[in-house]
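Working notes, structure below.
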Amino acid sequence: MSSEVELRREVRRRLEALGINPYPHSPKSRVVPVADVVKNPSIDGSVAIAGRVVGVRRHGGLIFFDIVDDGVRIQCSLSRSESRELFSFFDEFVDLGDFLYVSGTLYYTKKGELTVAVKDLQILAKALRSPPVKWGHRVLDPEVRYRKRYLDIMMSPQVRKIFEIRFRTIEEIRKFMWGRGYIEVETPILQPIYGGAAARPFKTYIWALDTEWYLRISLELYLKRFIVAGFNKVFEIGKNFRNEDIDVEHNPEFTMMESYEAYADYNDIMRLTEDLISTVAERVLGTKVVEYPVGNEKVRIDLSPPYRRLSIYDAFREYAGIDVESIPDDKLKEYLDRYSIRLVGAYDRGRAIVKLFDRVVGREHLLQPTFITDFPRSSSPLAKPHRSRPDLAERFELYIAGMELANAYTELNDPDLQATYFREEELRRSLGDLEAHPFDWDFVEALEYGMPPTGGLGLGIDRLVMVFIGTTSIKEVIPFPMIKPREFEEKEGLSG
RNA sequence: GGGCCCGUAGCUCAGCCAGGUAGAGCGGCGGGCUUUUAACCCGUAGGUCCCGGGUUCAAAUCCCGGCGGGCCCGCCA
């Protein structure tokens with residue numbers, strides 16, 4: 001068989017026959033990052049670098065080739081008249097995709113490009129497959145991009161940039177929270193009872209305990225236990241797992257930052273949230289103004305605080321012309337019918353209002369950062385009732401670019417009320433609501449020991465990055481998004 | 001869960017409507033070329049046309065079923 005992989009295995013065998021290891025343990029001498037060389041080129045000085053060969057241009061007695069090291073490209077040249085031996089070694093044994101050690105001297109070509117005149121080279125890792133596209137050109141098939149994301153990132157600086165922004169964002173969130181005196185903590189991913197959100201969980205099995213457990217759907221309940229324990233400011237950045245559909249805004253595992261602060265309420269958390277997002281945007285992107293695609297247009301979104309605060313009832317009045325606060329239940333049910341919204345289980349006014357909100361207040365009204373505040377109490381079993389409106393909860397959701405980015409409360413710390421709300425949730429579950437919150441006795445007991453007044457925040461990191469880079473697909477910002485596995489085919493090249 | 005679209009060489013795609021020997025560019029391989037950079041020029045190899053069934057003398061093409069992917073809608077407080 002004369003496939004590329006077989007041809008390259010043959011090259012590998014010829015190398016080995018010459019006593020050359022195609023996978024040496026380290027470069028023959030210390031190398032410096034290409035980024036440093038490019039940033040600070042000392043012409044006529046010698047350099048030793050390493051990287052992947054991503055382009056070769058042969059001109060008879062002269063070869064130009066490009067290597068990429070940690071995302072940075074540099075051109076190298078090899079001339080037959082300089083070294084016949086090196087030249088023919090490269091010609092015979094080096095292929096696109098190989099990792100090379102290169103040492104030589106820097107110069108500028110006629111066209112003014114910084115180039116390494118190669119004086120020595122070593123194969124650091126032989127590639128058996130060549131890259132699917134030329135470097136700098138995007139892999140186009142979305143299936144290949146998501147299944148083999150390493151190729152997508154390897155060949156496309158724009159894609160690499162997305163993930164640099166993602167991970168810089170996480171870094172800057174940490175720095176911001178540390179700077180505010182928060183301690184970063186860890187809580188269990190495997191839990192005997194899930195909670196903290198309305199969602200269906202993933203089940204798993206703990207062999208050692210012979211028990212069915214769950215993957216967490218939020219970080220909330222364990223972080224509040226830290227507040228009970230006496231830590232005043234805690235946060236965690238981690239994966240949540242929700243057994244829901246996969247679409248452009250949802251991946252079954254996604255990254256959240258949650259924070260809890262004693263003696264704060266949801267007003268404090270609104271200020272924290274807008275400070276956090278605007279500061280991180282400035283540090284990562286160098287600007288607080290981003291562009292987001294809406295239809296065929298790009299909309300400028302200004303992340304500078306303060307963000308608009310709009311109660312859910314005012315949002316109804318302003319954007320849907322509905323005075324949902326004062327309409328009777330039968331009228332509200334008419335609206336549900338009109339928008340064909342079905343409530344699972346018994347009718348509940350608060351939940352009906354929240355469902356209706358998602359439908360009637362269009363995304364176009366929630367492009368600029370907006371805190372939607374004061375949700376109906378019955379839709380928020382972990383939030384504290386509003387200080388002046390018992391039918392409402394002290395809760396807000398932050399919308400940017402039409403997406404829900406954050407959810408926060410003044411936390412409920414009354415253990416008896418929490419138990420009451422959990423009982424309501426259990427009732428909902430018995431009526432068929434698979435997303436109703438399970439009763440967590442251990443959490444209620446923790447509250448019985450006393451939790452100070454607390455403000456909490458949950459921030460969707462993936463969606464924040466979507467806003468930062470201006471994409472409508474969560475798959476663009478998740479390195480390895482969930483995709484159905486392919487049946488493994490024993491193909492030539494994998495079997496060895 | 002419903003709808004629309006896509007699956008052909010390593011990559012990007014044409015061919016399908018109207019059935020008749022499977023194509024192009026890039027990449028690979030061979031050759032040429034000493035300042036190119038998506039290098040260029042000449043030559044050449046390369047296919048489970050996603051899988052299974054059906055119709056037909058004949059299927060990449062038409063029909064049915066399946067698999068995988070994308071987008072839209074529903075669901076996701």
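Only this structure's heavy atoms are used, side chains among them; waters, hydrogens and symmetry mates stay out. Lettering of chains follows the sequences in order, A, B, ..., and the numbering in each one begins at 1.
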Expressed in whole Å, how much space separates the P atoms belonging to B:C72 and B:C29?
-> 40 Å
Residue list, side chain to side chain contact (heavy atoms under 4.5 Å, CB included) with A:Tyr146, at least two apart or on another chain = A:Pro142, A:Arg149, A:Ser473, A:Lys475, A:Glu476, A:Pro481, A:Ile483
Side chain to side chain contact (heavy atoms under 4.5 Å, CB included) with A:Lys298: which residues, sequence neighbours excluded?
-> A:Glu291
pair A:Leu15-A:Lys126: side-chain heavy atoms closer than 4.5 Å = yes
Under the side chain to side chain contact (heavy atoms under 4.5 Å, CB included) test, which residues partner A:Pro157, sequence neighbours left out?
-> A:Trp135
The residue, A:Leu96 or A:Tyr146, whose nearest nucleotide of RNA chain B is more 5′ is A:Leu96
Spacing of A:Glu143 atom CD relative to B:C50 atom P, expressed in whole Å | 13 Å
Report the base-pairing partner of B:U44 (Watson-Crick or G-U wobble, both distances below 3.5 angstrom), or none.
-> B:G28
If the P atom of B:C57 is compared with that of B:G47, how far apart are they to the nearest Å?
-> 31 Å
Set of salt bridge (charged side-chain N to carboxylate O under 4.0 Å, His left out) partners for A:Arg359, sequence neighbours left out = none
Test side chain to side chain contact (heavy atoms under 4.5 Å, CB included) applied to A:Arg317 - qualifying residues, sequence neighbours left out = A:Tyr313, A:Asp314, A:Asp323, A:Glu325
Rounded interatomic separation in angstrom, taking CD from A:Glu92 and P from B:G31 | 11 Å
Residues passing the ring pair (Phe, Tyr, Trp, His ring centres under 6.0 Å) test with A:Tyr107, sequence neighbours excluded, are none
Encode nucleotides 72-77 of chain B as B, S and - characters from 5' to 3', where the letter depends on protein heavy atoms closer than 4.0 Å: B to the base, S only to sugar-phosphate, - to neither.
-> S-BBBB
For A:Asp95, report the nucleic acid contact type (base, sugar-phosphate, nothing); a contact means any heavy atom under 4.0 Å.
-> sugar-phosphate
A:Phe371: partners by ring pair (Phe, Tyr, Trp, His ring centres under 6.0 Å), with sequence neighbours left out | A:Tyr307, A:Phe396
Student check: side-chain heavy atoms of A:Lys119 and A:Ser83 closer than 4.5 Å = no
Residues forming a ring pair (Phe, Tyr, Trp, His ring centres under 6.0 Å) with A:Phe87, sequence neighbours excluded = none
Scan residues 247-256 of chain A for pairs that pass side-chain hydrogen bond (donor to acceptor under 3.5 Å, both in side chains), counting only residues two or more places apart or in two chains.
-> A:Arg166-A:Thr255, A:Lys239-A:Glu253, A:Glu249-A:Arg363
Write down the distance separating the P atoms in B:C75 and B:G52, rounded off to the nearest Å.
-> 39 Å
Polar atom pairs (N or O), protein with nucleotides 10-13 of chain B, under 3.5 Å:
residue: B:C11; atom: O4'; partner: A:Pro132; partner atom: O; Å: 3.3
residue: B:U12; atom: OP1; partner: A:Asp141; partner atom: N; Å: 3.3

Between B:G27 (C1') and A:Met155 (CE): distance, integer Å = 11 Å
Spacing of the P atoms in B:C26 and B:U44 (rounded, Å) = 14 Å
Contact class for A:Ile63 vs. all strands (heavy atom < 4.0 Å): base, sugar-phosphate, or nothing?
-> nothing
Going 5' to 3' through nucleotides 34-41 of chain B, assign each nucleotide B (protein heavy atom under 4.0 Å from a base atom), S (under 4.0 Å only from sugar-phosphate atoms) or - (no protein heavy atom that close).
-> BBBBBB--
Atom NZ of A:Lys484 and atom P of B:C51 are separated, to the nearest Å, by 18 Å
